[in-house]
Number of protein chains: 2
Amino acid sequence: MPERHRRTVRDLRRGNRATLLRRLYFEGPLSRQELAAHTGLSSASISNVTAELLADGLLEEAGSVGSDGGRPRTLLRIPPGAGSLIGVDVGETRIRVELFDISMTELARSVHPLKDGGHGDVTHVVRLIADGLAAVCGADVQRGPLLGIGVGVPGIVAEDPAGDGAVVHAQTVGWDAVPLESLLRSTAQLSSSTPLFVSNGAKTLGQAEMWFGAGRGARDAVIALIGSGVGASVITDGSAYGGAAQGAGEWGHTTMQLRGRRCRCGARGCLEAYVGAEAVLERWREAGGGRAPGADEESALAALLASEDPAAAEVLAETAEYLGAGIADLVNLFNPERIVLAGWAGLQLGARLLPAVREATAAYALRYPAARATIELGRLGTDAVTVGAATLPLNRFLTTGGAPQGPGG
Amino acid sequence: MPERHRRTVRDLRRGNRATLLRRLYFEGPLSRQELAAHTGLSSASISNVTAELLADGLLEEAGSVGSDGGRPRTLLRIPPGAGSLIGVDVGETRIRVELFDISMTELARSVHPLKDGGHGDVTHVVRLIADGLAAVCGADVQRGPLLGIGVGVPGIVAEDPAGDGAVVHAQTVGWDAVPLESLLRSTAQLSSSTPLFVSNGAKTLGQAEMWFGAGRGARDAVIALIGSGVGASVITDGSAYGGAAQGAGEWGHTTMQLRGRRCRCGARGCLEAYVGAEAVLERWREAGGGRAPGADEESALAALLASEDPAAAEVLAETAEYLGAGIADLVNLFNPERIVLAGWAGLQLGARLLPAVREATAAYALRYPAARATIELGRLGTDAVTVGAATLPLNRFLTTGGAPQGPGG
DNA sequence: CGGTCTTATCTCAAGGCGTGAGTTAAGTAG
DNA sequence: CTACTTAACTCACGCCTTGAGATAAGACCG
């Protein structure tokens with residue numbers, strides 16, 4: 001790669017556009033004055049750049065606010081119609097496609113259920129996604145130009161060395177090096193200039209909580225995602241939001257008990273084998289707990305939480321200890337200021353077990369990082385994977401300053 | 001913090017100076033031509049910037065090399081005398097201070113042994129460091145201006161919110177919020193314009209291996225450091241070297257066995273309680289193994305490795321399994337392309353156990369990231385903590401492009 | 001109602017910077 | 001000695017940010 005780092009004087013303008021856009025996006029309407037103070041740019045430059053952005057339709061004036069006796073400040077904001085975004089959630093049981101405006105208000109959605117093992121037929125999955133895209137794009141709603149598409153998937157996402165875009169490795173659903181990006185581009189006939197991002201669903205949900213949920217404002221945070229499986233999303237130095245260096249997080253397959261319970265990944269003693277919803281229910285069954293026939297995991301877990309059975313209490317206490325210790329690992333490794341427990345099972349378990357989890361974390365983590373970290377529940381519910389996925393092209397939009405630069409190179 | 005991101009056109013020049021310096025530092029002598037190709041800058045800019053750097057004495061011409069018939073390329077390099085660096089290793093048994101020239105050639109050193117528990121008296125430790133600094137600075141060697149000082153310490157380093165510089169929390173040696181930076185600045189009477197960095201010793205050693213050792217060239221790597229205790233240094237996106245976002249790493253206190261062995265940190269089942277040298281020897285003792293009276297840990301570990309006792313083999317096999325599983329955690333969490341096993345105990349154990357460790361890692365990690373990661377031994381030995389520490393001011397030098405900007409603000 | 005004050009925003013000339021084309025420097029091949 | 005090739009430098013141009021000053025827009029006071 002011959003090129004690196006910024007170069008020409010033009011990048012300055014791009015960078016400043018991006019800075020202003022990002023600030024305006026997250027900190028609501030601001031006056032030029034405040035922008036100058038926050039960004040350190042001179043007021044002259046603010047005028048120039050905002051004039052450009054206004055001309056591009058990326059900004060609009062939004063009333064004004066008095067100033068002790070002087071000319072009132074004109075507030076600026078990004079109009080919701082400045083663009084639209086699509087987020088896709090390739091979940092364990094369904095595929096959801098949602099269309100958002102730039103303020104992440106949902107404009108349309110399309111959901112396809114997916115049978116167990118339905119992931120095996122990749123072509124079918126891709127077709128479902130493409131249908132969903134077509135459906136939301138065809139929806140009769142007012143919206144700006146499409147800024148891009150984000151897709152959240154299970155497993156690990158890597159870049160194809162042959163330049164074929166994102167490739168997905170998802171051991172648990174049987175995907176081995178699936179070139180999802182190129183498949184989707186051709187199946188959905190996407191223009192090559194449409195930004196398309198593929199990322200791990202847990203990371204994606206993490207970004208949603210970081211930007212709009214419980215992680216908002218934190219610099220270093222970890223989003224722990226517990227569903228049937230377990231994942232985590234690590235955000236370090238999230239200052240200015242999208243500057244965030246995102247770490248992956250197959251946290252669920254971290255060893256908590258050497259030679260312990262068999263995990264569906266093949267190894268033994270993984271965290272997921274203890275605190276994943278599937279594993280918790282399995283452990284309850286082993287302890288003699290019942291599961292209403294035909295009940296899905298979600299209601300079965302609710303039943304466990306509601307049970308008065310001492311065996312259930314024991315299972316839950318152990319779950320809290322494992323979860324706390326698992327979180328302690330993250331605390332020790334990353335020293336985050338905030339930990340957000342999310343995912344459907346995480347929210348269910350957390351509502352009841354949070355105090356016990358906090359206690360276990362304090363017991364297993366080192367004192368100093370433990371004192372710094374707070375543990376909270378996620379605020380966005382389970383459906384935020386699409387929001388997080390849509391966040392990917394949104395981040396690109398904010399980072400490039402809405403520049404009309406095709407991703408050809 | 002009101003200011004963020006780049007702003008003025010002057011930062012461009014600073015950035016380009018930095019880019020050129022960094023490239024020249026790591027990729028040896030290069031011609032202006034090659035610099036242009038690598039950095040994407042126009043040859044005109046290369047001429048301008050290099051002329052400036054030459055005038056500042058930060059660059060020198062170093063011969064020339066023919067070019068198929070045309071004018072030969074003049075090679076440029078950073079002269080070793082462009083500056084000097086000091087690295088300090090606050091170790092478990094001694095304090096080492098070393099002076100390097102900019103190419104990391106050692107010019108002088110000073111070592112003070114430290115008795116067990118000697119860390120408790122912080123003032124004394126600081127005095128020893130200051131004496132060491134004075135000693136190496138007084139050494140009669142040719143050297144350039146001092147570019148800065150780096151200090152590697154055990155434990156976690158944080159920034160004092162009151163602006164008092166780095167504060168060290170090291171549970172294992174009894175340091176609780178020690179404001180090492182300000183103590184050292186006043187005791188050693190450092191000018192406030194002398195860059196002084198304090199960082200975790202494991203991170204520091206990690207950076208040394210990344211820049212000059214087994215990690216060289218890797219983008220994402222983890223340096224696992226095993227001594228009496230266990231730490232890790234995580235480097236993500238190390239492209240262009242110092243762009244590296246360094247994650248901390250109290251990896252040693254990650255839980256491997258819930259409710260397992262008691263660790264010196266107070267928790268149970270930590271990795272360190274199984275694979276730290278102290279723990280390994282303790283486990284050998286429990287298994288009936290002997291330890292020559294008076295032998296230090298290093299030779300005791302060597303004796304264990306040399307032992308033909310089946311109990312010893314058992315202890316080692318278990319150690320390899322724990323270590324492998326611990327590495328698997330890192331593999332799953334960070335998906336690194338390379339893992340470097342370092343630290344004195346890590347090197348000793350690794351020399352013998354590396355195949356078993358690799359096997360255990362493969363068994364415990366997910367297939368895809370495991371296939372990507374290679375596990376290697378460190379190349380720099382145990383004394384590289386000072387090199388790594390010196391790397392901190394060096395990194396600053398390369399990042400600022402050697403700008404004469406005092407760190408006042 | 002007009003004058004004065006205060007504050008926000010715009011305008012403009014100046015100074016920096018990177019670029020690309022053209023020029024000069026420094027060799028080789030015949 | 002000449003033609004050719006390649007490296008490095010020079011210069012006019014366009015773009016960027018800045019700081020100072022001009023202008024806009026309201027509040028306060030008499």
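We name chains A, B, ... by the order of the sequence lines, and we start the count at 1 in each one.
Atom CZ of A:Arg14 is separated from atom P of D:dC16 by 10 Å (rounded to the nearest Å). The interatomic distance linking B:Leu35 (CG) with D:dC9 (C1') rounds to 16 Å, in whole Å. Taking atom CG on B:Leu30 and atom C1' on D:dA7, their separation rounds to 15 Å, with Å as the unit. Atoms CZ (A:Arg73) and C1' (D:dA27) sit 14 Å apart, rounded to a whole Å. The distance between atom CZ of A:Arg17 and atom P of D:dC15, rounded to the nearest whole Å, is 15 Å. To the nearest angstrom, C1' of D:dT6 lies 13 Å from CD of B:Glu34.
Contact check for B:Asp101 versus B:Arg143: no side-chain heavy atoms found under the 4.5 Å cut-off. In this structure the side chain of B:Trp211 never reaches within 4.5 angstrom of the side chain of B:Val387, judged on heavy atoms. By the 4.5 Å heavy-atom criterion applied to side chains, A:Leu394 and A:Phe100 are not counted as neighbours. In this structure, the side chains of B:Asn395 and B:Phe197 stay at 4.5 Å or more apart for every pair of heavy atoms.
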Every protein N/O lying under 3.5 Å from an N/O of nucleotides 24-26 of chain C:
none

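Look at A:Gln33 and you'll find a side-chain N or O under 4.0 angstrom from OP1 or OP2 of C:dT9. OP1 or OP2 of D:dC9 lies within a sub-4.0 Å distance of a side-chain N or O belonging to B:Arg32.
Close placement of the B:Phe334 and A:Phe334 rings is indicated, their centers lying within 6.0 Å of each other.
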Worked verdict on B:Ser199 versus B:Leu392 for side chain to side chain contact (heavy atoms under 4.5 Å, CB included)
CA-CA 9 Å; B:Ser199 179; B:Leu392 298 170; 3.7 Å; yes
Step by step, would you call B:Leu85 with B:Leu99 a side chain to side chain contact (heavy atoms under 4.5 Å, CB included)?
CA-CA 6 Å; B:Leu85 302 154; B:Leu99 175 70; over 6 Å; no
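Partner of B:Thr391 under the side chain to side chain contact (heavy atoms under 4.5 Å, CB included) criterion, chosen from B:Met210, B:Arg396, B:Gln207: B:Gln207.
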For residues 49-61 of chain B, run the donor-acceptor check on the side chains, cut-off 3.5 Å, and write out each pair with its distance to 0.1 Å, sequence neighbours left out.
residue: B:Thr50; atom: OG1; partner: B:Ile46; partner atom: O; Å: 2.7
residue: B:Thr50; atom: OG1; partner: B:Ser47; partner atom: O; Å: 3.1
residue: B:Glu52; atom: OE1; partner: B:Arg17; partner atom: NH1; Å: 2.7
residue: B:Glu52; atom: OE2; partner: B:Arg13; partner atom: NH1; Å: 2.2
residue: B:Asp56; atom: OD2; partner: B:Arg17; partner atom: NH1; Å: 3.2
residue: B:Asp56; atom: OD2; partner: B:Arg17; partner atom: NH2; Å: 3.0
residue: B:Glu60; atom: OE2; partner: B:Arg77; partner atom: NE; Å: 2.7
residue: B:Glu60; atom: OE2; partner: B:Arg77; partner atom: NH2; Å: 2.9
residue: B:Glu61; atom: OE2; partner: B:Arg32; partner atom: NH2; Å: 3.4

Base contacts versus sugar-phosphate-only contacts with protein, heavy atoms under 4.0 Å: please encode nucleotides 17-23 of chain C as B, S and - from 5' to 3'.
SSBB---
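Within 4.0 Å of B:Ser64, counting heavy atoms only, lies no atom of the nucleic acid at all.
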